[in-house]
Amino acid sequence: MSETETSETTSNTANLVALDPDGYAPVNHPGVTVPEDRRCWSVSWPEYTPTDITPPELRPSALAAHVPAWAEAAPTPAEVHDWRRRRAAALVPFKLDERGWPLHPHGRTGRTGRNLGKWGENQAADPIVAAGNSEQRWVLLITRDDIGTEAIPGGMVDPGETAPAALVRELREETGVDLADHRPTILGRDVVADWRQTDHAWITSTSALYQLPARVTAIAADDALDATWWPFDSLDQLDTAVTAAGRTLYAAHRPLLQRALDHLNQP
Ligand code: RP5
């Protein structure tokens, strides 16, 4: 691995999608607004009618003809028969409703259906790579090819794969940086407010911090349009740099990046 003061990039970010003002999802992403006092599943809300955001390829009729390699075949959670096992293996505990459908651990999302591989919990891994020292620090982010935001180079954990293995694989696939020999600090296991989440399908992530003495060459590939080292002394500084470059920080990753900063800045 070569050390360098700049990152290389191979891709083009000219045609990025427009994002909502919070940098969370594409503009016009459908969904019902959920007031904070109605988020909790225990609060009765009989009129609640979340928007179905299931993409065409995961609709029941499409699944009957063809199941994409990245998705499970069940057209609804009722056709999933191992909820006991899935709940026991979950990174973040979740409940089932009276129909036996899984419920988002953080409550109502305003969206229903499935825009992820599995019903219920979908496990991801997020490697946060920081370089430098307290004088000057950097973080390696990718430009996501789905919503065009600057994000941690993470991805879904493959079936049978461990989270630590997924951290290494995703980082290598999306940036070319191979940290298989490094031991990261696990920062947490959390629900990520991913723009694809619904009431019945969501993402949890194992986030981990890698600390390097200096920046290394990163080359975007796979789901990444670009791979860039950004200044990382604070979230404000990162935000300013990303915005000045005409890009947007992925809102769902802000808590993970803040936790990494808290760890890096602890005395
Ligand atoms: C985020 O999407 C997760 O935190 C992770 O970074 C990523 C996983 O989805 P894919 O990149 O595999 O689509 O919510």
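Read the numbers this way: they start at 1 and go in the same order the structure lists the ligands and their atoms. Residue numbers run from 1 in the order of the sequence given.
- Each of the atoms 6 (O), 11 (O) of ligand 1 lies under 4.0 Å from some heavy atom of Gly154.
- Taking all atoms of both residues into account, the shortest heavy-atom contact from Trp45 to Thr33 is CH2-O, 3.9 Å.
- Nearest-residue assignment for atom 3 (C) of ligand 1 (options Ile152, Asp126, Ile142, Asp146; heavy-atom criterion): Asp126.
- In summary, the atoms of ligand 1 found under 4.0 Å from a heavy atom of Ile203, numbered by their order in the structure, are 14 (O).
- Cluster membership for Trp229 and Val177, using ILVMFWY side-chain heavy atoms within less than 4.5 angstrom, is shared.
- Atoms of ligand 1 lying under 4.0 Å from at least one heavy atom of His253, given by number and element, are 1 (C), 3 (C), 4 (O), 6 (O).
- Asp194 OD2, 3.3 Å is the protein heavy atom nearest to atom 1 (C) of ligand 1.
- Note: Glu150 CD to Leu140 CG = 10.0 Å, rounded to the nearest 0.5 Å.
- Near Val192, meaning under 4.0 Å from one of its heavy atoms, ligand 1 places the atoms 4 (O), 14 (O).
- By the criterion of a heavy-atom distance under 4.0 Å, neither the backbone nor the side chain of Glu170 is placed next to ligand 1.
- For the pair Arg87 and Trp83, the cation-pi test (distance below 6.0 Å, angle within 45°) is failed.
- For the pair Arg38 and Tyr48, the cation-pi criterion (under 6.0 Å, within 45° of the ring axis) is not fulfilled.
- Looking from atom 13 (O) of ligand 1 to the surrounding protein, the closest heavy atom is Arg196 NH1, 2.8 Å.
- The closest protein non-hydrogen atom to atom 7 (C) of ligand 1 is Arg144 NH1, 3.4 Å.
- Separation of the Trp195 and Tyr250 ring centroids does not fall under the 6.0 Å cut-off.
- Here's the thing with Ser205: none of its N/O atoms is less than 3.5 angstrom from an N/O atom of ligand 1.
- What you find for Val157 and Glu161 is that their closest heavy atoms are CG1-O, 3.3 Å.
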